[in-house]
Amino acid sequence: MSKSRFKIWLTALRLKTIPASVIPVAIASSYAYKLGEFDQVKFTLILFCAIMIQIITNFFNEIYDFKKGADTNERLGPDRGVSRGDIQLSTMWTVTIISLIITLAAGLYLVYLTDLNILFIGLVSLVLTWAYTGGPYPLAYKGLGDIFVFVFFGIIATCGSYYAYTQSINDVIIFSSFIPGFLSMNILSANNIRDINTDIKVGKITMAVRMGDRLSRYVYILILLLAFVTQFYIFLMLNNTFLLLPFITIVLAIPLIKEVMYAHGKEMNKVLALSGVMLMLFGTLQTIAFIL
């Protein structure tokens with residue numbers, strides 16, 4: 001494989017989105033560790049499946065955004081291989097299907113180690129990777145992408161990972177799942193605020209398109225604050241000062257709020273990047289807090 005071809009596929013993986021799948025697993029695994037339920041084999045399988053599901057979602061996005069004409073020359077984000085003609089649509093389909101088969105195989109071994117509920121969670125997750133931009137009612141095109149992200153990258157990813165260790169769910173892990181859900185929502189929100197004008201042209205009705213530019217920015221700030229409120233509630237539930245560690249990220253949240261209020265056009269790419277950093281830092285500190 002040539003270096004240029006390697007770079008093309010590296011771009012298609014959208015590695016910057018991987019933290020959205022890793023952080024929920026890290027949070028769930030650290031809390032399982034705290035309770036003495038951590039298992040290295042399960043952790044490896046959960047993490048692998050989570051990353052693969054994120055990558056498959058990215059592949060489906062590229063396929064269907066191309067088919068629907070959403071990836072145009074006017075887009076302000078990174079170029080997409082299929083829309084540029086660097087990757088053939090049939091090749092992307094083949095790679096996506098192979099990725100699905102590999103992920104399903106790893107998931108079935110995890111089911112063997114746990115129970116059939118994990119099979120249900122896994123199958124729902126795989127269907128949602130396709131339904132996000134594909135199918136008769138693509139969620140991302142109907143203003144439901146933000147809700148999908150909160151449920152999928154928050155509740156399902158975190159609680160599902162924790163369930164794989166313990167075969168149970170509790171209030172702490174449910175509220176903990178809200179945090180990656182909220183912060184992942186803001187990653188998508190920053191992306192959609194940036195793309196409001198181009199999305200309108202191709203009929204992609206995101207939440208940002210529905211609410212408009214200004215209100216979308218206020219909602220972004222509200223969701224960011226909800227992450228901190230949720231964390232404080234978890235601290236009150238467990239009465240452990242280590243759980244205040246994520247509040248260190250306030251030093252990032254303040255300039256992030258300023259950026260999201262005043263950035264426009266390609267400047268929103270900075271907000272997008274900082275939103276990803278916020279998720280990584282907050283989630284990492286939450287993970288450390290549970291371990292400690």
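Numbering starts at 1 and runs along the sequence shown.
Considering Thr17, Thr96, Thr129 in turn, Thr17 is the only one that fulfils the side-chain hydrogen bond (donor to acceptor under 3.5 Å, both in side chains) rule with Asn58.
A cation-pi arrangement is absent between Lys42 and Tyr165 under the rule of less than 6.0 angstrom and at most 45 degrees off the ring axis.
Between Gln54 and Phe153 the shortest side-chain heavy-atom distance falls below 4.5 Å. Considering only heavy atoms from C-beta on, Ile102 comes within 4.5 Å of Phe48 through its side chain. Using a 4.5 Å heavy-atom threshold, the side chains of Asn170 and Tyr162 count as touching.
Thr91 places no side-chain N or O within donor-acceptor distance of the main-chain N or O of Ile87, the cut-off being under 3.5 Å. Looking at Asp199, its side chain never comes within 3.5 Å of a backbone N or O of Lys204 through a donor-acceptor pair.
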| request: Could you walk me through whether Gln231 and Ile179 pass side-chain contact (heavy atoms from CB on, under 4.5 Å), step by step? | output: CA-CA 7 Å; Gln231 182 62 31; Ile179 292 170; 2.9 Å; yes
| field | CA sep, side-chain torsions, deciding dist, call: Asp171, Met237, side-chain contact (heavy atoms from CB on, under 4.5 Å) | value | CA-CA 9 Å; Asp171 290 346; Met237 289 175 70; 3.6 Å; yes
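Nearest heavy-atom pair across Ala190 and Met268 is O-CE, 3.6 Å. Closest heavy-atom contact between Pro180 and Leu279: CA-CD1, 4.0 Å. Across all non-hydrogen atoms, the minimal contact from Leu243 to Ile234 is CD1-O, 3.9 Å.
Aromatic ring pairs are classed by plane angle as parallel below 30°, tilted from 30° to 60° and perpendicular above 60°; the pair Phe38 and Tyr33 is perpendicular. Relative orientation of the Phe228 and Phe247 rings is tilted, given thresholds of 30° and 60° on the angle between their planes.
Residue Leu116 qualifies as open at atom CG: its count of foreign heavy atoms under 6.0 Å is 12 or below. Within 6.0 Å of CZ in Phe235 there are more than 12 heavy atoms belonging to other residues, nucleotides or ligands.
Under the ring pair (Phe, Tyr, Trp, His ring centres under 6.0 Å) criterion, Phe120 pairs with no residue at all, not counting sequence neighbours.
Each of Leu285 and Leu256 belongs to its own hydrophobic cluster when Ile, Leu, Val, Met, Phe, Trp and Tyr are linked at side-chain heavy-atom distances under 4.5 angstrom.
The six-membered or imidazole ring of Phe290 lies away from that of Phe242, with a centre-to-centre distance of 6.0 Å or more.
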